[in-house]
**Q** 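This is the structure I want to talk about, given as C-alpha cells.
All values below come from the heavy atoms of this structure, side chains included, with hydrogens, waters and symmetry mates left out. When a residue number appears, it is its place in the shown sequence, counting from 1.
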Amino acid sequence: MRRLIVLATAIISIVYSRAQTTEQLIGADMIVFNAKITTGSLTKPEASALAVKRGKIYAVGTDVEILKLKDNSTKVINAGGKRLIPGINDAHIHILNDRSYNYNVRWEGVPTLKRALEMLSEQAERTPEGQWVKVIGGWSPYQFKENRLPTIEEIRKAVPNRPAIVQYAYNRAFLNEMAMKAFGVGTDRFPALPGTVFEKDKKGNYTGVVDGYTFTFISLEAMVPQPSSDEQLSSIANVINSLNRFGVTSAVDGAALIGHPHGHTQIQQLAKENRLNIRMPFIDLQYGDTNSASLVDAEINAVIKKSPISPGENLHPTMAHGHEYEGAGELLRMELHDHENFDRPAVIIDKEVMRRYIREDITKLVEKGIPFRMHISYDENITPFLDELEAINKKTPLDGLRWSIEHAETISLENAARVKKLGGGIALDTKLAMHGEAFVKTYGAEKASQTPRLRDLYDSGVPLTMTTDAFRVASFNPWIGISWMTTGKSVSGAEILAKNNRLTREEALKLFTVAPTWFEDQEREMGKIIPGHFADFVLLNKDYFTIPDDEIKTISSLLTVVDGRVVFGADEYKSLSPKLPETLPVWSPFKYYGGFYNNKD
C-alpha cells in the first residue's frame with residue numbers, strides 16, 4: 001500500500017509539473033521597485049518593492065523577490081530610489097462643499113500678499129460680467145511675507161470691475177463696493193447672524209469688512225452665482241486631483257451642506273465612470289430640512305425612510321470603501337456649534353443647553369445604531385458633552401458604536417481619558433499650523449505652545465487622528481500640518497508648539513495614514529503597505545525622513561496610486577497620470593493657478 005501511495009504521488013507530481021509548464025504565469029498587475037518603502041508594519045518596516053493584484057498589495061520585499069512576480073502584462077514602475085509611503089488619509093475634510101472650487105482663486109501656498117492681489121487683478125480681467133471674483137478660505141495671512149491680511153482698499157483696487165469677496169477662514173470677509181451692493185449690506189437682505197460685526201469708517205459708512213462666525217459666511221456663499229451641474233462635476237474632479245497631488249488617497253467627507261443623496265450626485269457619477277480617484281467615506285448632515293424638528297431627526301428620517309442606507313454601506317459599484325456612509329455629524333445642533341475663530345475668545349455653550357440637546361439627539365442615534373461625530377473645539381464644551389454621554393451610556397449603552405469628537409483643540413487630558421473609556425476617538429486638525437499666531441494673540445504664547453496637547457494625547461492611547469478640515473478654515477495640503485507637528489513652526493516660520501509638545505516624523509505620519517482607519521472601521525485593510533491591504537500608496541518628491549525640517553511643507557506626490565490604479569503622476573511619472581477633462585467654466589481661475597500655488601500642470 002505504501003508503494004502504491006508513493007507511486008500515485010509521483011505520477012500526480014509529474015502531471016502537475018507538465019501542466020505548469022504549459023500555463024502562462026499569472027503575474028502582478030503592478031510592481032513598484034527600487035523604492036525606499038516605509039510600510040508602517042512592525043514586522044517588516046522597510047522594503048524596496050511591492051506587488052499589486054486586484055487592487056490589493058499581495059507581496060512586499062526586495063527588488064529581486066518582487067520582480068520575479070511580473071509577467072508580460074505587469075505594469076512595472078521604477079521608483080528611482082525615492083521614498084514610498086502608505087496613502088495619506090484625511091479623516092475630516094469637506095470635499096462636497098467645494099462644488100464651486102473652479103470659481104475660486106486659491107491663495108494656498110502663495111508666498112506674498114503682493115502676488116495674491118496680483119492674482120485677483122488678473123482674474124478680474126477674465127471673469128465675465130455677472131460672475132464674481134472670489135477667494136474662499138484655505139489661506140492664512142501668516143503665510144505671506146508681509147505677515148498680514150489685505151486691506152479693503154487693496155481689494156477694491158485689485159478688483160474694481162466685478163463683485164469681489166475675499167474670505168479668511170470663517171473669521172472675516174472683505175467685500176468691494178459691488179459685492180456690498182449685491183449682498184445688501186446695511187439692509188435686511190444681509191444675513192447678519194449673531195456675532196456678525198460690520199466695520200464702519202469714521203463717518204459711519206460700511207467699509208466692506210465683515211467679521212463673524214461660520215453661518216454668516218455660509219449664507220454669503222449661497223448668495224453668489226452658483227455653478228451649473230457640469231461645472232460642479234468639473235469642480236469636484238479638480239478637488240480630488242488637488243488632493244491626489246499631495247498624496248491623499250482617502251478622505252472622509254465631514255458632512256456637506258447638501259446631504260445624501262442629492263448632494264452626492266457628482267460623486268456617484270464619478271464612481272459609475274470609474275473616475276472617483278479617492279476613497280470617500282462620508283458623514284451626513286441634513287442641513288436645511290425645515291420639516292424635521294432637529295438635524296438629528298432629519299438625518300434619521302433621511303437614512304431610514306427617504307433614502308435608506310445603513311452605516312458602513314458602500315455605494316461605490318467596484319471600489320471598497322469608495323463611497324461609504326459613516327454616520328451622522330459633525331454638526332448635530334446649530335445651538336451647540338462652538339465654531340473655531342481664534343481671533344475671538346472661545347464660544348462657550350451653556351452647560352444645561354449642551355446636556356439637554358445631547359441627551360435628546362445622541363440617544364436617538366445610539367438607539368438607531370448610527371455612528372456620530374461631534375464638532376467641539378473647546379474643553380469647556382467637551383466637559384458637559386461627556387457628562388451627558390456618560391449618562392446616556394449607562395441607560396442606553398454605546399456598545400462599541402464608533403463615535404468621535406472633531407477638532408478638540410483645547411481638550412484636557414482628563415477629558416481625553418473619558419473619551420477613551422467611553423470607546424470614542426479624537427480627530428484633531430492642523431488649522432493651528434495656519435492660525436497659530438491668532439491663537440497666541442487671543443490666549444497667549446504659553447497656551448498656544450501646548451495646544452493641542454499633541455505629545456500627551458499621542459501617548460495616552462486614545463484613538464487619535466490628524467485631519468485638515470479643509471477647504472475653508474485651513475489648506476487641504478496635509479504636509480503643512482505635518483511640518484507643524486514635527487517642527488513646531490507655523491506657516492510664518494514662527495515656533496508655536498513647545499519642543500516637548502511635538503511628534504517625531506514617524507509619529508506624525510502615522511496620524512495621517514494608519515491612525516485614521518480606526519475612525520473608519522478599516523484597521524485591517526488600510527494604512528499600511530502589507531499583503532492584504534489596499535494598494536493605496538504615494539511616491540514622494542522628497543524623502544520625508546531625511547530632508548531638512550524646513551522642506552517638509554514642500555513635499556508633494558510624484559505618483560499616487562488608489563486601489564491599484566495610478567490616479568496622479570508628475571515629472572517622470574506624468575505620462576502614467578489619467579488625463580482630466582477640460583476644466584469648466586472656460587474662465588475658471590483653476591485653469592490658470594491650479595489648486596495650490598506653483599503646483600499645477
**Q** Give the intermediate values and the outcome of salt bridge (charged side-chain N to carboxylate O under 4.0 Å, His left out) for residues Arg245 and Glu108.
**A** CA-CA 14 Å; Arg245 285 178 181 274; Glu108 279 104 325; over 6 Å; no

**Q** Side chains of Phe471 and Asn97: does their closest heavy-atom pair fall under 4.5 Å?
**A** no

**Q** Has Ser121 got a side-chain atom pairing as donor or acceptor with Ala158's backbone, closer than 3.5 angstrom?
**A** yes

**Q** Angle class for the Trp139/Tyr168 ring planes (parallel below 30°, perpendicular above 60°, tilted otherwise)?
**A** tilted

**Q** Just so I know, are the side chains of Asn78 and Phe33 near enough to count as touching, which here means a heavy-atom distance under 4.5 Å?
**A** yes

**Q** Checking the side chain of Asp338 only, and the main-chain atoms of Tyr378 only, is there a donor and an acceptor separated by less than 3.5 Å?
**A** yes

**Q** I'd like to know if the side chain of Asp90 reaches the main chain of Thr467, judged simply by a donor and an acceptor atom lying under 3.5 Å from each other, with no hydrogens or angles considered.
**A** no

**Q** Test salt bridge (charged side-chain N to carboxylate O under 4.0 Å, His left out) on Arg115 and Glu122; report intermediate values, then the result.
**A** CA-CA 10 Å; Arg115 178 58 190 144; Glu122 293 163 5; 2.9 Å; yes

**Q** Would you please classify the geometry between the Phe215 ring and the His337 ring as parallel, tilted or perpendicular, with 30° and 60° separating the classes?
**A** tilted

**Q** For the atom pair CG (Leu50) and CZ (Phe537), what is the distance rounded to the nearest 0.5 Å?
**A** 4.5 Å

**Q** State, without any angle test, whether Asp379 and Asn415 hold a side-chain donor-acceptor pair at a distance under 3.5 Å.
**A** yes

**Q** To check you understand the geometry: which heavy-atom pair defines the closest contact between Ala179 and Trp132, and what is its length?
**A** CB-CZ3, 3.5 Å

**Q** Tell me whether Thr39 contacts the main-chain N or O of Pro45 through its side chain, where contact means a donor paired with an acceptor under 3.5 Å.
**A** yes

**Q** May I ask you to check whether over 12 heavy atoms, not counting those of Glu46, lie within 6.0 Å of atom CD?
**A** no

**Q** Any non-hydrogen side-chain atom of Leu576 less than 4.5 Å from a side-chain atom of Leu559?
**A** yes

**Q** Using a strict cut-off of less than 4.0 Å between a Lys/Arg side-chain nitrogen and an Asp/Glu carboxylate oxygen, indicate whether Glu572 and Lys82 qualify as a salt bridge.
**A** yes

**Q** Is any side-chain heavy atom of Ile283 closer than 4.5 Å to one of Glu330?
**A** no

**Q** So, using side-chain contact (heavy atoms from CB on, under 4.5 Å) as the criterion, who are the partners of Ser242 when residues are at least two apart?
**A** Tyr101, Phe476, Phe590

**Q** Return the CZ to CD1 distance between Phe534 and Ile529, rounded to the nearest 0.5 Å.
**A** 14.5 Å

**Q** Quick check for you: to the nearest 0.5 Å, what is the distance between Ile267 atom CD1 and Ile278 atom CD1?
**A** 9.0 Å

**Q** Out of curiosity, Thr214 OG1 to Leu331 CG, how far, rounded to the nearest 0.5 Å?
**A** 9.0 Å

**Q** Would you find a donor on one side and an acceptor on the other, under 3.5 Å apart, between the side chain of Ser377 and the backbone of His339?
**A** yes

**Q** Is any side-chain heavy atom of Leu422 closer than 4.5 Å to a side-chain heavy atom of Leu389?
**A** yes

**Q** Side chains of His435 and Glu340: is there a donor and an acceptor less than 3.5 Å apart?
**A** no

**Q** Applying side chain to side chain contact (heavy atoms under 4.5 Å, CB included) to Tyr544 and Thr38, what does each step give before you reach the verdict?
**A** CA-CA 10 Å; Tyr544 169 61; Thr38 298; over 6 Å; no

**Q** Under a 3.5 Å cutoff, is there a donor and acceptor pairing between the side chains of Thr487 and Asp549?
**A** no

**Q** State whether the side chain of Asp536 and the backbone N or O of Gly527 hold a donor-acceptor pair below 3.5 Å, judged by distance alone.
**A** no

**Q** Do the non-hydrogen side-chain atoms of Ile95 and Leu243 ever get within less than 4.5 Å of each other?
**A** yes

**Q** Could you check if a side-chain atom of Ile411 sits within less than 4.5 angstrom of a side-chain atom of Arg453, using non-hydrogen atoms only?
**A** no

**Q** Among side-chain atoms of Tyr593 and Gln123, is any donor-acceptor pair under 3.5 angstrom?
**A** no

**Q** Counting the benzene-type ring for Trp, do His92 and Phe519 have ring centres under 6.0 Å apart?
**A** no

**Q** Against the six-membered ring of Tyr213, is Arg344 placed for a cation-pi contact (under 6.0 Å from the centre, within 45° of the normal)?
**A** yes

**Q** So, for Gln450 and Ala498, which heavy atoms are closest and what is the spacing to 0.1 Å?
**A** NE2-CB, 3.5 Å

**Q** Could you go step by step and tell me if Tyr103 and Ile136 meet the side chain to side chain contact (heavy atoms under 4.5 Å, CB included) rule?
**A** CA-CA 10 Å; Tyr103 276 25; Ile136 305 294; over 6 Å; no

**Q** Return the orientation label for the Phe439 and Tyr443 ring planes: parallel under 30°, perpendicular over 60°, tilted otherwise.
**A** tilted

**Q** List the atom of Ser492, the atom of Asn147, and the distance in Å for their closest heavy-atom pair.
**A** CB-OD1, 4.2 Å

**Q** How about CZ on Arg524, more than 12 heavy atoms from neighbouring residues, nucleotides or ligands closer than 6.0 Å, or not?
**A** no

**Q** Checking the side chain of Ser577 only, and the main-chain atoms of Lys574 only, is there a donor and an acceptor separated by less than 3.5 Å?
**A** no

**Q** Do you know the tightest heavy-atom contact between Ile405 and Ala408?
**A** CG2-CB, 3.9 Å

**Q** Under the criterion side chain to side chain contact (heavy atoms under 4.5 Å, CB included), which of Val210, Ile165, Leu149 is the partner of Phe174?
**A** Leu149

**Q** Quick one: which residue pairs count as a salt bridge (Lys or Arg N to Asp or Glu O under 4.0 Å) with a foot in residues 461-474, not counting sequence neighbours?
**A** Asp98-Arg472, Glu221-Arg472, Lys431-Asp469

**Q** With rounding to the nearest 0.5 Å, note down the distance linking NZ in Lys420 to CG in Leu457.
**A** 11.5 Å

**Q** Determine whether the side chains of Thr196 and Thr216 contain a donor N or O and an acceptor N or O closer than 3.5 Å.
**A** yes

**Q** Would you say CD of Glu118 has more than 12 non-hydrogen atoms from neighbouring residues, nucleotides or ligands within 6.0 angstrom?
**A** yes

**Q** Give a yes or no on whether the backbone of Phe568 and the side-chain of Thr560 come within a donor-acceptor separation of less than 3.5 Å.
**A** no

**Q** Of all heavy-atom pairs between Lys553 and Asn477, which one has the smallest distance, and what is that distance?
**A** O-ND2, 4.0 Å

**Q** Show your reasoning for whether side chain to side chain contact (heavy atoms under 4.5 Å, CB included) applies to Glu520 and Glu525.
**A** CA-CA 10 Å; Glu520 300 153 17; Glu525 300 173 294; over 6 Å; no

**Q** Please round to the nearest 0.5 Å and tell me the distance separating atom CH2 of Trp479 and atom CG of Leu509.
**A** 5.5 Å

**Q** Using atom types as modelled and distance alone, determine if a side-chain donor or acceptor of Arg455 lies under 3.5 Å from a backbone N or O of Arg502.
**A** yes

**Q** I'd like to know whether Asn171 forms a side chain to side chain contact (heavy atoms under 4.5 Å, CB included) with Asn341, so could you lay out the CA-CA distance, the side-chain angles of the two residues, the decisive distance to 0.1 Å, and finally the verdict.
**A** CA-CA 6 Å; Asn171 298 18; Asn341 184 339; 3.0 Å; yes

**Q** Can you tell me if Glu199 uses its side chain to pair, donor with acceptor, with the backbone of Val209 under 3.5 Å?
**A** no

**Q** Below 4.5 Å, heavy atoms only, C-beta onward: do Pro578 and Arg565 meet side chain to side chain?
**A** no

**Q** Between Asn34 and Ala79, which heavy-atom pair has the shortest distance, and what is it?
**A** O-CB, 3.4 Å

